[in-house]
Structures are given as C-alpha cells and as structure tokens.
There are 2 protein chains.
Amino acid sequence: MAAKYLSIRDQILDLIAEMEVGEALPPERALAPQFGVARMTLRRAIEEVIREGRLKRKHGAGTFVAGPKIAQGLAVTSFSEDMRQRGVVPSSRTLDAGELAASPKLAKRLEITSGEPVLRVVRLRLADDAPMAVETLHVPGRVAPGLDGQALDHASFYELLAERHGIILAGGVQTIEVTVTDDREAEILEVPVHSPAFLFERVSRARDGQVVEFVRSVYRGDRYQFRVDLQPARAGSNLADDAP
Amino acid sequence: MAAKYLSIRDQILDLIAEMEVGEALPPERALAPQFGVARMTLRRAIEEVIREGRLKRKHGAGTFVAGPKIAQGLAVTSFSEDMRQRGVVPSSRTLDAGELAASPKLAKRLEITSGEPVLRVVRLRLADDAPMAVETLHVPGRVAPGLDGQALDHASFYELLAERHGIILAGGVQTIEVTVTDDREAEILEVPVHSPAFLFERVSRARDGQVVEFVRSVYRGDRYQFRVDLQPARAGSNLADDAP
DNA sequence: GGGCACTGTTGGTCTAGGCCAATTTCGGGA
DNA sequence: TCCCGAAATTGGCCTAGACCAACAGTGCCC
C-alpha cells in the first residue's frame with residue numbers, strides 16, 4: 001500500500017478544490033477521524049499540501065486555503081506543467097529532428113564517448129499559440145532506442161521514457177543565464193535580433209545515475225519571468241498574512 | 001523553551017561537522033536515546049538537516065554525511081550571503097543616497113500614500129572587486145527613521161533594521177526577468193550598452209505585513225547565473241546515489 | 001465606549017511503541 | 001569458492017494520547 005499520508009494529501013487537495021480562497025479547513029482534530037487517520041498523519045499530509053503552496057497554516061487560528069498558486073520559480077522540469085501553472089495553454093511544434101554523432105563537448109555533457117549517436121530534437125514551444133521558447137533536446141541513442149521526433153509531438157518525453165523504456169528520472173541540474181537571441185532564434189521566436197532572453201541548460205539523470213538528456217532552451221525575455229517567494233533565514237515553511 | 005528538534009538539529013550539525021563526507025550517522029534508534037529524545041523527534045531534526053543538504057538518507061542502509069553544499073539558487077535574501085556562497089568576496093559602494101517623495105508607482109509598491117518620504121540608496125555591488133550589480137533600494141521613511149546611505153556602507157541593511165528598529169523580515173516576493181543595460185547601468189557595471197542582464201525586483205515585508213523595502217537590482221548577465229537542483233515530480237527530498 | 005483579562009479553539013511539539021520496507025550481512029549449500 | 005536465501009539492521013510510516021503556545025472572541029471593569 002502506498003503511504004497513507006500521500007493518499008490523505010490527495011483527498012485534501014480534492015477537498016480544497018471546492019473551497020474558496022481564504023476559507024478555513026476543518027480543524028485537524030475534526031479532520032483526522034473523518035479521514036480515519038491519526039492527527040499526526042493528517043498533519044504530515046497537510047504539510048505536503050502546504051509545500052505545494054495550496055494551504056497556509058496560522059498557529060492558533062486555523063489552516064486556510066491559499067491564494068492562487070504563486071509560481072515557485074525554479075523547479076521547472078516540464079514546459080507544459082510550467083505553462084499550465086501560469087494559466088496559459090502549452091503547445092509544441094517540432095522544427096527539426098534527427099540523429100547526429102556526439103561532438104566532444106556534447107559527449108562530455110551526456111557523459112558518453114565522442115561520436116556516439118545522439119537524438120537531437122528542436123522544438124518550438126508555444127503558450128496560447130504564441131512563441132515562448134526554442135528547446136533543443138539531446139538524448140543519447142542507447143538511452144531511448146527507436147525514439148524519434150515524431151513520437152514527441154503528442155506525448156511527453158518523460159512519459160515516453162517511463163512507459164516505453166522504463167526510465168524514471170531521479171533528478172538533474174539546471175543553470176539559468178541571460179543571453180540575447182541570435183538571428184535564427186529571433187526569427188523563430190518572432191522577436192527582434194539581440195532581444196534579451198533566458199537561457200536554460202538542463203542535464204537530467206535516471207535513478208542509476210546515467211545522463212538521460214541535455215536540454216538547451218531559449219525563452220523570450222519579454223514573455224517569461226520568475227516569481228519567487230523568499231523566506232527569511234531558515235526555519236518554518238510559510239509566510240505572509242491574510243485572514244479570511 | 002525553543003523547539004527541541006531545533007536544538008537536536010544543531011547538535012547533529014555539530015556532530016557531522018567532525019565527520020567525513022559519506023560517513024554514516026549512528027542509527028536513529030541509537031542516536032535518539034543518546035540525545036534524550038524520542039525517535040520521531042530525532043527524525044524531525046534529521047529532516048531539517050537534510051533540507052539544508054548536509055545529510056542524505058538511504059532507506060535500509062543508513063544516514064550519511066552529504067557532499068559539500070550544492071548551490072540551491074533561491075533562498076537568496078542578501079547579496080553578501082549569496083556571493084559568499086558562490087565563493088567570492090562581496091563588497092559595496094554607495095553611488096547615491098537621499099530622500100524623495102514617493103511617486104504614485106513607487107507608493108503602490110511600498111503600499112504607502114503617494115508623496116510620502118522614501119529613502120533611496122543606489123549601490124554598486126562588487127564581487128572580488130569587480131562590478132556585479134547595481135542595486136536601488138527604496139525604504140519608506142517611517143519604517144527606518146534616521147537611516148541614511150552612510151549607515152549602509154559598513155553594515156547590512158537587514159542587521160540595521162533588526163538592531164536599530166526592531167524589524168524582523170518575514171518574507172518577500174522577488175521577480176526575475178531579463179533586460180539589457182541602459183547607458184548608465186552599462187557604465188557603472190563596465191559592460192557594453194545593451195548587454196543582457198538579470199533584473200530582480202524584490203518586495204520584502206516585516207512580520208506585521210508592512211512593506212519594508214522595494215529593491216531593484218540589475219545583475220551582469222556575463223557574470224551571474226543560477227544553478228538549480230531539480231527533483232523529480234514530487235515527494236521526498238534528495239536524489240543521487242553514492243555509497244560510502 | 002474602550003481596553004483588558006479570561007477562556008475556549010486551533011495549530012505545534014513530543015512521546016513510546018508497533019509494524020512495514022529497503023538494504024546489508026552472513027551462513028549454508030552446491 | 002561462489003552464490004543464494006534467510007536473518008539482522010536500518011530507515012519509513014503510523015498510532016493514540018499528552019501538553020504547550022498562539023490566536024480570537026467574550027464579557028467584565030474602568
């Protein structure tokens with residue numbers, strides 16, 4: 001059986017989906033028996049929801065439905081999910097796809113030997129049908145044999161990895177820099193040449209430590225921004241005040 | 001009495017400070033009585049340390065001292081601390097300081113009425129004595145009466161707030177965008193005009209919800225970047241494998 | 001009418017113990 | 001000697017109950 005607090009967490013998410021922002025959750029002591037768990041377990045579940053930013057606790061007062069999701073900045077792993085959280089509709093168009101032999105530089109990033117085959121897919125990412133980013137995906141050939149650009153048109157790369165190749169991502173590292181668009185990027189993104197843009201580079205790994213992808217994305221600077229909640233030094237979890 | 005798990009957390013930090021990377025912590029069932037707490041409380045403390053990235057748990061195997069801190073990007077509240085974490089020496093030079101009457105736009109950000117006095121300080125921030133960012137700080141006059149640009153030369157703004165005005169920050173919101181340098185910024189930062197740059201805008205609040213500062217910072221795009229550890233979907237805390 | 005102490009409600013922490021699940025260890029068999 | 005399976009070890013989850021601390025409303029007192 002999956003962990004009980006995870007199941008309770010989902011039930012809480014269902015519950016608050018029908019509630020107004022600022023409305024109070026029933027007290028923990030009432031909710032726990034209702035879900036059939038101990039209070040500590042309920043609290044554990046609530047903490048998960050708080051971490052997602054959907055609830056807010058106030059000592060002595062109650063637990064309240066938080067305002068609409070505040071972007072949590074940098075944990076971006078999926079364009080689609082990122083866009084949905086921002087309230088726009090994501091879509092994608094493949095511009096180019098094919099195999100190539102890894103250059104020394106690319107080989108180093110992917111931790112393979114130079115010359116090994118690599119699948120390369122260039123995609124235009126759109127938000128509400130307007131260009132948002134150009135994404136260049138590199139996948140070592142042996143990681144996902146048989147995969148091609150076609151498959152990515154209607155399914156998430158990560159889903160394909162999991163379902164067709166049994167690869168589960170374990171984490172990755174992403175760097176975020178600023179850049180300016182070159183001629184090609186400018187044309188694709190429909191912005192002037194040398195417009196400011198975000199440059200993301202991400203390397204993701206599977207559970208066994210093997211590099212699964214190297215992604216380079218250029219985001220339009222005029223349409224994309226981060227919004228981050230800052231917390232003081234250390235301790236606790238949430239901040240900000242507002243009562244119902 | 002402060003929370004017991006916080007005290008235990010500090011004791012754990014002391015303990016692992018003398019240990020090698022990869023070395024295993026004593027088992028929870030041994031450590032808990034040693035610290036004189038229940039195992040659950042010890043676990044709570046360990047979770048805090050894990051959140052700071054200093055420990056790593058492996059189900060069935062043990063709890064191990066994690067490798068040196070990996071930059072976590074975003075808990076940035078202070079330029080100085082940010083730079084020190086990046087391994088460079090921060091310094092600061094005040095370029096301009098003075099009082100002005102809040103424009104309607106600024107008043108809205110600071111949540112005061114238009115025309116109220118505001119302290120404005122423009123500072124050049126340096127890393128290893130090379131220009132890194134231009135920071136413009138706005139503080140409502142009534143938040144920190146008597147404060148001026150001079151005071152900021154040799155003390156942290158946040159320390160001054162806490163010590164001289166008893167104001168403790170409770171959190172804030174920061175947006176991160178890309179921009180290009182204008183003539184003035186380019187000159188100060190010693191980069192070409194229209195170089196790409198990060199634009200940070202931060203609004204910080206005290207515990208009572210009052211806005212304490214509005215900061216606008218322009219960071220050199222060629223010297224500053226984020227590096228973020230990504231974690232899969234949801235759940236847990238850590239990733240990566242390596243056994244002792 | 002205003003302010004303050006009291007009190008009930010609600011979240012925050014802690015305990016002691018039990019059982020489950022992943023991993024490692026170790027002994028016996030081939 | 002090598003390998004496999006059982007047993008011990010270790011973290012993960014859950015419980016039921018207790019007490020502490022912050023908050024909000026009430027009503028008394030001035």
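Since this is a predicted model, take the numbers as computed values, not measurements. Each chain gets a letter, A, B and so on, in the order the sequences are listed, and its residues count up from 1.
Atom CG in A/L31 sits about 17 Å away from atom C1' in C/dG12, given to the nearest Å. Atom OH of B/Y5 and atom P of D/dC20 are 18 Å apart (whole Å). Here D/dC14 presents its C1' atom at 15 Å from CD of A/E48, a figure rounded to the nearest Å. In this structure, A/E28 atom CD and C/dT10 atom P are separated by 10 Å, rounded to whole Å. Atom CZ in A/F64 sits roughly 12 Å away from atom C1' in D/dA22 (whole-Å rounding). Straight-line distance from the CD1 atom of B/I8 to the P atom of C/dC14: 9 Å, rounded to whole Å. One can place CD of B/E47 at 10 Å from C1' of D/dG12, the figure rounded to the nearest angstrom. Put simply, CZ on B/R29 is 10 Å from C1' on C/dG18, counting in whole angstrom units.
By the salt bridge (charged side-chain N to carboxylate O under 4.0 Å, His left out) test, B/R84 is found to be paired with no residue, residues two or more places apart in sequence or in another chain being considered. Residues forming a salt bridge (charged side-chain N to carboxylate O under 4.0 Å, His left out) with A/E177 (at least two apart in sequence, or on another chain): none. Here A/V211 pairs with A/L110, A/E111, A/V203, A/R205 under the side-chain contact (heavy atoms from CB on, under 4.5 Å) rule; sequence neighbours left out. Looking at residues two or more places apart in sequence or on another chain, you find a salt bridge (charged side-chain N to carboxylate O under 4.0 Å, His left out) between B/R125 and B/E135.
Annotation: side chain of B/V139 is not in contact with side chain of B/V121 (no heavy-atom distance under 4.5 Å).
Residue A/R43 places at least one side-chain N or O closer than 4.0 Å to OP1 or OP2 of C/dG12. Regarding contacts with the backbone of D/dG12, a side-chain N or O of B/R57 is found under 4.0 angstrom from either OP1 or OP2.
Between B/F226 and B/Y224, the ring planes lie perpendicular to each other; the angle is over 60°, past the 30° to 60° tilted range.
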Between the protein and nucleotides 15-17 of chain D, list every N/O to N/O distance that falls short of 3.5 Å.
| unit_1 | atom_1 | unit_2 | atom_2 | d |
| --- | --- | --- | --- | --- |
| D/dT15 | OP1 | A/K4 | NZ | 3.3 |
| D/dT15 | OP2 | A/A38 | N | 2.9 |
| D/dT15 | OP2 | A/T41 | OG1 | 2.4 |

N/O donor-acceptor pairs under 3.5 Å from side chains in residues 27-37 of chain A, not counting sequence neighbours:
| unit_1 | atom_1 | unit_2 | atom_2 | d |
| --- | --- | --- | --- | --- |
| A/E28 | OE1 | A/R39 | NE | 2.8 |
| A/E28 | OE1 | A/R39 | NH2 | 3.1 |
| A/E28 | OE1 | A/R43 | NH1 | 3.3 |
| A/E28 | OE2 | A/R43 | NH1 | 2.8 |
| A/E28 | OE2 | A/R57 | NH1 | 3.1 |

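Checking C/dT13, C/dA22, C/dG11 against the side-chain heavy atoms of B/R44 singles out C/dT13 as nearest.
Nucleotides of DNA chain D nearest to B/L25 and A/G60 differ in position, and the one nearer the 5' end is that of B/L25.
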